[in-house]
Number of protein chains: 2
Amino acid sequence: MLKEKNLRMTKQRKVILAELKKLKTHPSADEIYGIVREHIPRISLGTVYRNLEVLVELGEIQKLDLSGSLKRFDWNPNKHYHVRCVHCDRVDDAPIAPLNQLENELYEATVFEIIGHNLEFIGLCPDCSRKNHHP
Amino acid sequence: MLKEKNLRMTKQRKVILAELKKLKTHPSADEIYGIVREHIPRISLGTVYRNLEVLVELGEIQKLDLSGSLKRFDWNPNKHYHVRCVHCDRVDDAPIAPLNQLENELYEATVFEIIGHNLEFIGLCPDCSRKNHHP
DNA sequence: CTACATGCAAATGCTTTGCAACCTA
DNA sequence: TAGGTTGCAAAGCATTTGCATGTAG
């Protein structure tokens, strides 16, 4: 797998992947940087970015196509949906099944050749919801 | 409307809104800048950004919550879905009705208080599709 | 040993902001 | 005329990249 692409399993790459797999959240590159730095203090943010791209190419993780200004990464490479907190920007999985028939609806109606879709829910996470009700 | 918010209808604001309403596409701030500059050559990009925000607040247009690195604006302030071309990044409307019952599916399954959702289709626009088949 | 990877820092691209001059109501 | 608005330039922030050095295989 690595060999085919002439890639090496460096310490940095190993730790980034391992830490990402431990999380159930969907961190940004900077958040991953913060976590990995506890194990490899001299790692650079550039290395984190580069390795996240490599891991995406290898199919180990996925880069999320979500709204919002930060790119987020997901240890789960399978297609699924997400919920974002409007207030704190936390992103969780949305536990509903993929809507496979959705793209058929568009089939006749658009001039585009449809490849896929992203569905993202917007809401308030429990923490922010609580703060909202009792400010 | 403007008076309540202590806002003024300046030439810049008027032209930005007028040009946006003429388009059926969903331009980025920079694209709007390019168009408006034909009418007001000395307008600055900062002014375009500031006015787009104001027009969003007034409910005249909407800022789209899409994936991708550029913010895009829509002359149509009503909720609807979009299709993005993977190749050239062109964004069109997706002519399918809002899925109002979608959020109910999540209701019991998530700890989030759901507020709304974004649905974005990914595909190839006719131009890029043609180039793809006959490279 | 020989590429691929890394750390560092500089560069990039989009967006936001501070400020003095300007204009709308 | 008051205060919102503009143009300009500088700052901000996330992400990318060039390059000499380091290291996995």
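Below, read A as the first sequence line, B as the second, and so on, with proteins coming before strands; counting in each chain starts at 1. Since the model is a prediction, treat every value here as computed from it, not as a measurement.
- The side chain of A:Arg8 lies closest to D:dG25 when the candidates are C:dT15, D:dG25, D:dT5.
- Straight-line distance from the CD atom of B:Gln12 to the P atom of D:dT6: 5 Å, rounded to whole Å.
- For the pair B:Tyr49 OH and D:dG7 C1', the interatomic distance rounds to 16 Å; values are reported in whole Å.
- Side chains of B:Asp93 and B:His26: a donor-acceptor N/O pair is present below 3.5 angstrom, by distance only.
- Closest contact between the side chain of B:Ile43 and the listed nucleotides C:dA5, D:dG7, D:dT15 involves D:dG7.
- Rounded to whole Å, the distance from NZ on A:Lys5 to C1' on C:dA3 is 18 Å.
- Between A:Leu2 and B:Thr10, the residue whose closest nucleotide on DNA chain D is further toward the 5' end is B:Thr10.
- If you measure from atom NZ of B:Lys3 to atom P of C:dA25, you get 10 Å, rounded to the nearest angstrom.
- Between A:Val48 and B:Leu45, the residue anchored nearer the 5' end of DNA chain C, judged by the nucleotide with its closest heavy atom, is A:Val48.
- Here the P atom of nucleotide D:dT15 and the CG atom of B:Leu70 are 14 Å apart, to the nearest Å.
- D:dT5 atom C1' lies 15 Å from atom CZ of B:Arg42, rounded to whole Å.
- A:Arg50 has its CZ atom 12 Å from the P atom of C:dC8, to the nearest Å.
- One finds no side-chain N or O of B:Lys11 lying less than 4.0 angstrom from the OP1 or OP2 phosphate oxygen of D:dG7.
- Residue whose closest nucleotide on DNA chain C sits further toward the 5' end, between B:Lys71 and A:Ile40: A:Ile40.
- Between A:Leu20 and A:Leu52 the shortest side-chain heavy-atom distance falls below 4.5 Å.
- Look at B:Asn51 and you'll find a side-chain N or O under 4.0 angstrom from OP1 or OP2 of D:dT6.
- Using a 4.5 Å cut-off on side-chain heavy atoms (C-beta onward), A:Tyr81 and A:Leu99 make contact.
- Side-chain contact between B:Glu38 and B:Ile35: absent, with no pair of heavy atoms (C-beta onward) separated by less than 4.5 Å.
- Rounded to an integer number of Å, the gap from A:Leu52 CG to D:dT16 P is 10 Å.
- B:Thr47 has a side-chain polar atom (N or O) that falls below the 4.0 Å cut-off from OP1 or OP2 of D:dG7.
- A:Gln12 and A:Thr47 share no side-chain donor-acceptor pair at under 3.5 Å.
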